[in-house]
Colleague: 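This is the structure, below, for whatever I ask next.
Just so it is clear: chains get the letters A, B, ... in the order the sequence lines come, proteins before strands, and each one is counted from 1. Everything numeric in this text was worked out from a predicted model, so none of it was measured.
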Number of protein chains: 2
Amino acid sequence: MATVMARAQFDKDSILDKTIMLFWQQGYHGTSMQDVTASTGLKPGSLYNSFGNKEQLFIASLERYAQRSADKMKLVMSHGTGKGIVMLLTDMVAARGKKDYASCFIIKTQLELTSTEPKLAKLAGDYLSRTKAQYKLAIASEYGEALSEVYATSVMMAIFGIRVYGYQQPNEADVLESLRLSLHWLPWENH
Amino acid sequence: MATVMARAQFDKDSILDKTIMLFWQQGYHGTSMQDVTASTGLKPGSLYNSFGNKEQLFIASLERYAQRSADKMKLVMSHGTGKGIVMLLTDMVAARGKKDYASCFIIKTQLELTSTEPKLAKLAGDYLSRTKAQYKLAIASEYGEALSEVYATSVMMAIFGIRVYGYQQPNEADVLESLRLSLHWLPWENH
DNA sequence: AGCAATTTTGAACAAACACTCAAAAAGTTA
DNA sequence: TAACTTTTTGAGTGTTTGTTCAAAATTGCT
């Protein structure tokens with residue numbers, strides 16, 4: 001069986017990076033496949049030939065985004081659990097100021113699609129569960145098993161708080177001070 | 001000028017209560033006007049004659065929801081600021097367990113529509129700002145002006161955390177314990 | 001160069017969308 | 001009851017939606 005085939009003329013990953021931005025900012029129902037063809041330059045036929053349909057394209061986008069988040073978390077946490085969490089939270093607080101701020105793609109998916117696209121929402125929920133499990137594991141090794149569940153819960157809730165509160169453009173120092181108060185067990189830098 | 005007119009055969013508010021449920025659960029883009037006619041029993045003509053268009057119907061729904069939230073907050077806080085906040089947060093944690101849990105309509109609106117329907121997202125953002133301002137005012141009178149900004153920020157972030165984390169169906173006791181730790185200055189009941 | 005497989009094209013599709021409107025029905029006053 | 005106004009009806013508007021497909025172009029291999 002000869003392996004004779006023509007290669008695609010575009011890079012799937014760079015297409016996904018563009019659809020991530022669309023779905024992330026506009027949501028699943030708020031993004032049309034024509035938005036996608038306009039943004040990527042792909043014709044409908046190529047798009048469907050490569051990615052199947054809208055749902056599968058969304059799943060591929062979400063997976064790529066989640067993988068990147070997980071990679072970043074792993075990298076930062078290698079500096080130590082407490083220090084790593086402080087760095088991650090600080091980064092999230094800083095991201096809030098940027099223009100076109102769009103919270104977190106996974107969180108937005110969970111909120112938007114729980115009722116209308118439960119299959120996609122479950123995907124998002126699973127990513128969030130896995131993230132929490134990773135935090136718990138890391139926290140357990142540095143702060144002990146007993147506290148790890150409640151501490152991991154606190155971290156997750158703090159992340160959700162930051163990501164949603166970001167839209168309000170609150171004072172950065174106030175948010176950081178609030179986090180310092182809430183997560184007093186983390187090794188915040190003295191200021 | 002004689003006031004001669006036929007009265008509507010339905011109650012606007014009870015129609016709005018039904019559209020609130022639709023928009024709240026499915027979002028703006030995820031809800032079609034046909035969903036609305038199916039759910040309310042109204043024919044398209046009646047619907048448009050009474051509420052204008054989809055955007056205006058959504059605004060009316062959001063306003064009614066926000067008014068109810070504000071009323072409840074005012075009522076509960078009349079028992080005292082600290083006690084009131086504890087009661088509100090405890091209620092939110094309890095709501096998380098119910099089936100068809102759908103976070104908070106206002107928060108979901110902010111996340112879904114910031115990019116595609118900025119006018120509607122701004123409405124939601126304004127409600128959240130007003131809510132925070134009320135918390136700050138109440139906190140200032142019981143805990144002092146100096147702490148009120150950071151404490152109010154903490155409360156808002158805790159609310160966002162609870163409302164999003166609710167989808168994960170976490171252990172209720174863990175969430176409450178995490179809140180007790182984070183908002184240690186509130187008068188939590190001993191347990 | 002020539003063949004076979006894949007990819008690209010873009011016009012076209014049915015379904016769903018937000019919304020309209022002329023005619024019929026119903027309500028209010030006199 | 002009659003006159004007047006508003007409301008209800010539901011088929012129908014044009015547009016946008018997600019998706020398809022036969023034909024053309026491109027690619028890899030011999």
Side-chain angles (χ1 to χ4, degrees), chain A residues 1-16 18-62 109 112-113 115-121, chain B residues 1-16 18-20 22-23 25-62 109 112-113 115-121:
Chain A
M1 185 190 302
T3 60
V4 181
M5 54 168 117
R7 275 188 306 207
Q9 292 168 357
F10 54 86
D11 179 29
K12 270 198 170 194
D13 281 345
S14 72
I15 295 293
L16 280 183
K18 282 174 180 150
T19 62
I20 284 173
M21 291 309 295
L22 283 176
F23 283 131
W24 183 1
Q25 294 204 42
Q26 310 182 7
Y28 182 74
H29 293 298
T31 303
S32 70
M33 290 303 265
Q34 312 195 45
D35 287 341
V36 174
T37 58
S39 162
T40 60
L42 260 58
K43 309 293 174 191
S46 294
L47 192 60
Y48 280 83
N49 183 56
S50 295
F51 296 98
N53 59 20
K54 188 183 183 183
E55 185 186 64
Q56 289 172 263
L57 177 62
F58 186 85
I59 290 174
S61 304
L62 193 67
T109 298
E112 183 193 359
L113 299 181
S115 162
T116 54
E117 300 285 339
K119 182 181 163 190
L120 300 180
Chain B
M1 186 189 304
T3 60
V4 181
M5 54 168 115
R7 273 190 308 206
Q9 291 167 357
F10 54 87
D11 179 30
K12 271 199 171 195
D13 280 345
S14 72
I15 295 293
L16 280 183
K18 283 175 180 149
T19 63
I20 285 173
L22 283 176
F23 284 131
Q25 294 205 41
Q26 309 182 9
Y28 182 74
H29 294 298
T31 303
S32 71
M33 291 303 265
Q34 312 195 45
D35 286 341
V36 175
T37 58
S39 162
T40 60
L42 260 58
K43 309 294 175 192
S46 294
L47 192 58
Y48 281 85
N49 183 55
S50 296
F51 297 98
N53 58 21
K54 189 183 182 183
E55 186 185 63
Q56 289 171 262
L57 177 61
F58 185 85
I59 290 173
S61 304
L62 193 66
T109 298
E112 183 193 358
L113 300 182
S115 162
T116 54
E117 300 286 339
K119 182 181 163 191
L120 300 180

Colleague: Do the side chains of A:F51 and A:I15 get nearer than 4.5 Å, heavy atoms only?
Modeller: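 SC-SC contact between A:I15 and A:F51 confirmed.
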Colleague: Let me confirm one number: the NE2-CG distance from A:H29 to A:L113, rounded to the nearest 0.5 Å.
Modeller: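 Here the interatomic distance stands at 5.0 Å.
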Colleague: Counting just side-chain N and O atoms, does A:K43 come under 4.0 Å of either OP1 or OP2 of C:dG10?
Modeller: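 Answer yes for this pair, as a side-chain N or O of A:K43 is under 4.0 Å from OP1 or OP2.
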Colleague: Which pairs count as salt bridge (Lys or Arg N to Asp or Glu O under 4.0 Å) when at least one residue sits in residues 39-50 of chain B, sequence neighbours excluded?
Modeller: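 Listed by first then second residue: nothing to list.
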Colleague: Say whether, by atom type as modelled, one donor and one acceptor occur between the side chain of A:E112 and the main chain of B:G27 under 3.5 angstrom.
Modeller: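 Checked: no pair found.
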Colleague: Without swapping roles, check the side chain of B:S50 against the backbone of B:S46 for a donor-acceptor pair under 3.5 Å.
Modeller: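 Side chain of B:S50 to backbone of B:S46, a donor-acceptor pair under 3.5 Å: yes, one is there.
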Colleague: In whole angstroms, how far is the P atom of D:dA25 from the CZ atom of A:F10?
Modeller: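 Atom-to-atom, A:F10 to D:dA25, this comes out as 19 Å.
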Colleague: I need the A:L57 CG to A:L62 CG distance, nearest 0.5 Å.
Modeller: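 CG of A:L62 is found 11.0 Å from CG of A:L57.
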Colleague: Main chain of B:G41, side chain of B:K18: is a donor-acceptor contact present, judged purely on distance under 3.5 Å?
Modeller: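 Flag not set: sc B:K18 to bb B:G41 has no pair under 3.5 Å.
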Colleague: Hey, what are the protein-to-nucleotides 12-16 of chain D N/O distances that come in under 3.5 Å?
Modeller:
none

Colleague: Regarding A:T37, tell me which of base, sugar-phosphate or nothing describes its non-hydrogen contacts under 4.0 Å with the strands shown.
Modeller: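 It contacts nothing in the nucleic acid.
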Colleague: Within this structure, what is the CE-to-P distance between A:M33 and C:dA12, rounded to whole angstrom?
Modeller: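 Result: 21 Å.
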Colleague: Please list, by residue number, the residues of residues 45-60 of chain B whose heavy atoms come closer than 4.0 Å to an atom of DNA chain C; answer none if no residue qualifies.
Modeller: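 By residue number: B:G45, B:Y48, B:N53, B:K54.
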Colleague: Verify, without hydrogens or angle tests, whether B:E117 (side chain) and B:E55 (backbone) share a donor-acceptor contact under 3.5 angstrom.
Modeller: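 Looks like no, no N/O pair under 3.5 Å.
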Colleague: Quickly work out the A:L42 CG to C:dG10 P distance and round it to whole Å.
Modeller: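 So the two atoms are 12 Å apart, to the nearest Å.
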